Participant: 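To start, I am sharing the structure in question, which I have written as structure tokens.
Order of the sequence lines sets the chain letters (A, B, ...), proteins ahead of strands, with each chain counted from 1. Keep in mind that this is a model prediction, so the values were computed, not measured.
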Number of protein chains: 2
Amino acid sequence: MESLLRAAESVFAEVGYARATTNLIASRASVSPGSLYQFYPNKEAFAEALAAQYAEELEGLHASVFHGTIATVPLAELVDATVDPFLDFHRRAPAFEALFLGAAASPELAGRIQVLHETVAARLIALFELRRPDAKREDLRWAADVAVGIFRGLLPLITPLKGTKRSRAIREMKGVFLRYLEPVFATRTE
Amino acid sequence: MESLLRAAESVFAEVGYARATTNLIASRASVSPGSLYQFYPNKEAFAEALAAQYAEELEGLHASVFHGTIATVPLAELVDATVDPFLDFHRRAPAFEALFLGAAASPELAGRIQVLHETVAARLIALFELRRPDAKREDLRWAADVAVGIFRGLLPLITPLKGTKRSRAIREMKGVFLRYLEPVFATRTE
DNA sequence: GACAAACACGAGTCTTTGCTCGCATATCTT
DNA sequence: AAGATATGCGAGCAAAGACTCGTGTTTGTC
């Protein structure tokens, strides 16, 4: 049931996977533990379901960012066009950070995280390749991994903030991306 | 006992705080659970002890980096002189990443993490201020937080690697720092 | 209204794991 | 050597939490 998943999401977001209890999830959804287990066989199933849902959403997100014009647009616009949707995604998916960006709660989930990360990295490489078809694949792979790492590292700086502080933090993040990627994509628009 | 701490450290590094069991720590140290509890009152005490030890080491690390010449040296050297010791620290303290950079295992530990982070950030601000006494405090605070975030985000990219791959990853990290900090510290050496 | 099927319930079971306690062994004192 | 003290042991206790099951309640059909 959908409301169970939403309850699990909010609990995970608040206390993380390890400290989340199935009873709390059940009561948050105004449902008994017994009923909960009629829909999800175990606690991990919640994380799996969320991962699947998030993966799908990220897929859609990429599809909307990834169109031809991206190849020639100024770098600052490219950064805006990618960072903003990802930040928006993390606002809508508050459990993502707690579940998949922290340390892996279980070995099985670690695999899931790996897959999500690989997918995003592959998408980024494809994006980069549109701008620099001449670049070596390995260099682009590094740039993608570093970009993901920067995002992961700076996201916790942004998430808890609101208003002008948040804007400032986002500006800082974009600044990091801009200055890091500039040497790679400098001579593109002309 | 020291060997217990070392055992705890290696277990934490391998499976993280939540999945580490006191029995495993005891057996890793070739000691019975009973004996373990004669030295450390509970599981959290291990994390506390490690945090204290790491804090001390970070203190020393900072003292060795933080001397006057740092104010006038070229930016690339400044980055080298700070990044390398920190990476070295994380090699010697393998549990640090698992314990204090992942999601907080318990509310009490979260406080500890906060303190460690604040301390490092404060040190960085002091360092930055040596170079730019004219800059606004708040800007330096942002730069410090962002620098810490970048380090946290890129560290997992570096830790599992060895040899040339590791060197490449470190070069990437330093590149990010250089390009991010350059606008702030550009006009320093002349 | 009567029966049946499906669903929801929550007190209880079972496993895991942090932690203890009574006994055994070693070390020290005289 | 013999008692006294300290230290180490590991089987077992207790709490927490994932998960179940017998019972009650609702819903659908005649």
Participant: Do the ring planes of F151(B) and H90(B) sit parallel (below 30°), tilted (30 to 60°) or perpendicular (above 60°)?
Facilitator: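 The rings of F151(B) and H90(B) sit tilted, inter-plane angle from 30° to 60°.
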Participant: For E118(B) and Q114(B), which I'm curious about, is there any donor-acceptor pair between the side chains at under 3.5 Å?
Facilitator: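 Yes, side-chain donor-acceptor contact under 3.5 Å.
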Participant: Counting only non-hydrogen atoms, which of residues 5-17 of chain A are less than 4.0 Å from DNA chain C?
Facilitator: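 Contacting residues: none.
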Participant: Summarise how protein sits on nucleotides 8-15 of chain D as a single string, 5' to 3': B when a protein heavy atom is under 4.0 Å from the base, S for sugar-phosphate-only contact, - for no contact.
Facilitator: BBB-----
Participant: Phosphate oxygens OP1/OP2 of dT20(D): is one of them under 4.0 Å from a side-chain N or O of Y37(A)?
Facilitator: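 Negative; the distance criterion is not met.
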Participant: If I compare all heavy atoms of A18(B) with all of A18(A), which pair ends up nearest, and what's the gap?
Facilitator: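 Taking A18(B) first and A18(A) second, the nearest heavy atoms are CB-CB, 4.3 Å.
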Participant: In terms of hydrophobic clusters joined by side-chain contacts under 4.5 Å, are F86(A) and L161(A) together?
Facilitator: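 They do share one cluster, since a chain of ILVMFWY contacts under 4.5 Å joins F86(A) to L161(A).
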Participant: How is A45(A) classified with respect to the nucleic acid when contacts are heavy atoms under 4.0 Å: base, sugar-phosphate, or nothing?
Facilitator: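 Here A45(A) touches no strand at all.
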Participant: Starting at atom NZ of K43(B), determine the distance to atom C1' of dG18(C), rounded to an integer number of angstrom.
Facilitator: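 For the pair K43(B) NZ and dG18(C) C1', the rounded distance is 8 Å.
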Participant: Between F128(A) and F185(A) (judged by ring centroids, cut-off 6.0 Å), do the two rings come close enough to count as a pair?
Facilitator: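 Close enough - the centres of the two rings lie under 6.0 Å apart.
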Participant: Do Y180(A) and E172(B) pair up side chain to side chain, a donor and an acceptor below 3.5 Å, judged on atom types alone?
Facilitator: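 Yes, because at least one side-chain N or O of Y180(A) sits under 3.5 Å from a partner of the opposite role on E172(B).
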Participant: Please report the distance, rounded to the nearest Å, between CD1 in I25(B) and P in dC19(C).
Facilitator: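 From I25(B) CD1 to dC19(C) P: 10 Å.
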Participant: Do E44(A) and R112(A) meet the salt-bridge criterion of a basic N to acidic O distance under 4.0 Å?
Facilitator: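 Salt bridge between R112(A) and E44(A), a charged N being under 4.0 Å from a carboxylate O: no.
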Participant: Look at R137(B) together with E129(B) and state whether they make a salt bridge at an N to O cut-off of under 4.0 Å.
Facilitator: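 The answer is yes: the pair qualifies as a salt bridge.
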Participant: Starting at CD of E44(B) and ending at C1' of dT17(C), how long is that distance when rounded to a whole Å?
Facilitator: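 E44(B) atom CD is separated from dT17(C) atom C1' by 16 Å.
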Participant: State whether T22(A) places a side-chain N or O below 4.0 Å from either non-bridging phosphate oxygen (OP1 or OP2) of dC19(D).
Facilitator: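 The answer is no; no side-chain N or O of T22(A) sits under 4.0 Å from OP1 or OP2.
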Participant: Calculate the interatomic distance between L24(A) atom CG and dG17(D) atom C1'; express it in whole Å.
Facilitator: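 About 12 Å, once rounded to whole Å.
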